[in-house]
Amino acid sequence: MKIVHYLNHAHTANGHVAVAVDLACEQARTGHDVHFVSGRCDFRPVLASHGVTFHEVREAEGAFRVLQMAQDLHPIVRRLRPDVINAHMVAAALAAKLVQILSPFGLVTTIHNAFDRQSSLMRVGDRAIAVSEAVRLQMMSRGIPERKLRVVRNGTIGGGRRSHYPTDIVKLEHPAVATVAGLHDRKGISDLILAFEKVFQNRSDAHLYIVGEGPRRDAYESLAARQKSAAHIHFTGHLDDPRSVLASTDIFALASLQDPFPLVLGEARQMGCAIVATRVDGIPEALWHGAKGMLVPPADPDSLAAALLDLIDDEPKRHALAAAAAADTDDITVERMNRDTMDVYDEILPRGRLATSSAMS
């Protein structure tokens, strides 16, 4: 099959991009002819090393952005004649839909951010992939027909972006609580800082590590500085492989207020962390509804603090939860994610064209 992954850009520290890159590499590994189309791409060496062909286009802006993107995409599509284009961002999906009128192909859209007000526009695909059952239900409520929606949950283990295990392990002070998140309000970082302050009142030896960057970093650092636990709250900034911190973490905490299906929970499970996370959107699915981690209400620092303190104080319980998180990880592999994605592609390809593509590959 000839497959094109299409994005507005392919910058680091973006979950859409991470999924698309890992899928492209895995599809190439399994024998497909895979192409990656985007604006600036931070993963060109990775894609090339896995046999994925990269095509750079402009990062269009302004009122006519979608038209400009379609103008750049059309000659690529006309030359490649792909079987499927998988669009991972709204503008890319709309541009691909315009090009599809002139050059027929199967169009699959992947809905990574259901909280985005524009996410319902992903209905333009012949099929729309929701990254969790929670996202599928949200999209149905916003008017995407049920017949178009398919659930393919994110996978992280075994992806082409990096080695199977982190090459460098960061040394932490223990007991260590860590989060990995973009530093914006949706991730509940303020709630986590306030919860950790309550933990610190009982365990003054505990440390909190906040891994990530974002527009609210200054505000969160200011909030942390006002706490008695300030000296024990560490902002690491962005790490290319946050597993280097997770490998040393006692407890991984995710205080999200909205989260379709966070990749970092797969990373935390792979690294054998005991996990505490909020019961929102796709998080319960990612943690097997509590079997792989403790679930607490969102926007509730008291409940989050109680769960963290419980695991810090109860070492056998913490180890048991960590072991449960690391067991049975087939559901979070890139290989499984790709199999499910290929099943969606197969649905929209005419049988004759699929047979021809298979014979040519």
Any donor and acceptor pair, going by atom type alone, linking the side chain of [X] with main-chain N or O of [Y] inside 3.5 Å?
X	Y	answer
Ser244	Pro166	no
Tyr209	Glu173	yes
Asp241	Arg243	yes
Arg150	Val344	no
Asp191	Ala255	no
Ser38	Cys41	no
Asp83	Met1	no
Lys317	Asp310	no

Do [X] and [Y] meet the criterion of a side-chain donor-acceptor pair at a distance under 3.5 Å?
X	Y	answer
Glu285	His289	no
Ser119	Arg142	yes
Ser132	Arg136	no
Thr110	Asn86	yes
His74	Asp72	no
Gln27	Asn338	yes
Trp288	Asp331	yes
Lys198	Gln201	no

4.5 Å side-chain heavy-atom contact, [X] and [Y]:
X	Y	answer
His9	Asn14	yes
Tyr165	Met271	yes
Phe252	Leu246	yes
Leu94	Val124	yes
Met122	Met139	no
Val37	His5	no

Next on the checklist: Quick check on Asp205: does its CG atom have over 12 non-hydrogen neighbours (other residues, nucleotides or ligands) under 6.0 Å away?
Outcome noted: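 It does: Asp205 CG has more than 12 such atoms within range.
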Checklist entry - More than 12 foreign heavy atoms under 6.0 Å from CZ of Phe64: is that the case here? => result no
Next on the checklist: Could you check whether Arg216 makes a cation-pi contact with Tyr220, meaning its NZ or CZ is under 6.0 Å from the centre of the six-membered ring and within 45° of the ring axis?
Outcome noted: yes
Find the distance between [atom1] ([X]) and [atom2] ([Y]) and round it off to the nearest 0.5 Å.
X	Y	atom1	atom2	answer
Asp218	Leu223	CG	CG	12.5 Å
Ile157	Met337	CD1	CE	11.5 Å
Arg127	Asp346	CZ	CG	11.5 Å
Ile193	Thr179	CD1	OG1	10.0 Å

Is [Y] paired with [X] through a side-chain N to carboxylate O contact shorter than 4.0 Å?
X	Y	answer
Arg153	Glu133	no
Arg318	Asp314	no
Asp259	Lys187	yes

Item to check | Candidate list Arg40, Gln68, His11, test side chain to side chain donor-acceptor pair (under 3.5 Å), partner Glu59, passing option | outcome: His11
Item to check | Qualifying residue for side chain to side chain donor-acceptor pair (under 3.5 Å) with His232, from Arg203, Glu197, His207 | outcome: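 Answer after filtering Arg203, Glu197, His207: His207.
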Next on the checklist: Using the ring centroid of each side chain, check whether His88 and His112 are separated by less than 6.0 Å.
Outcome noted: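 Yes.
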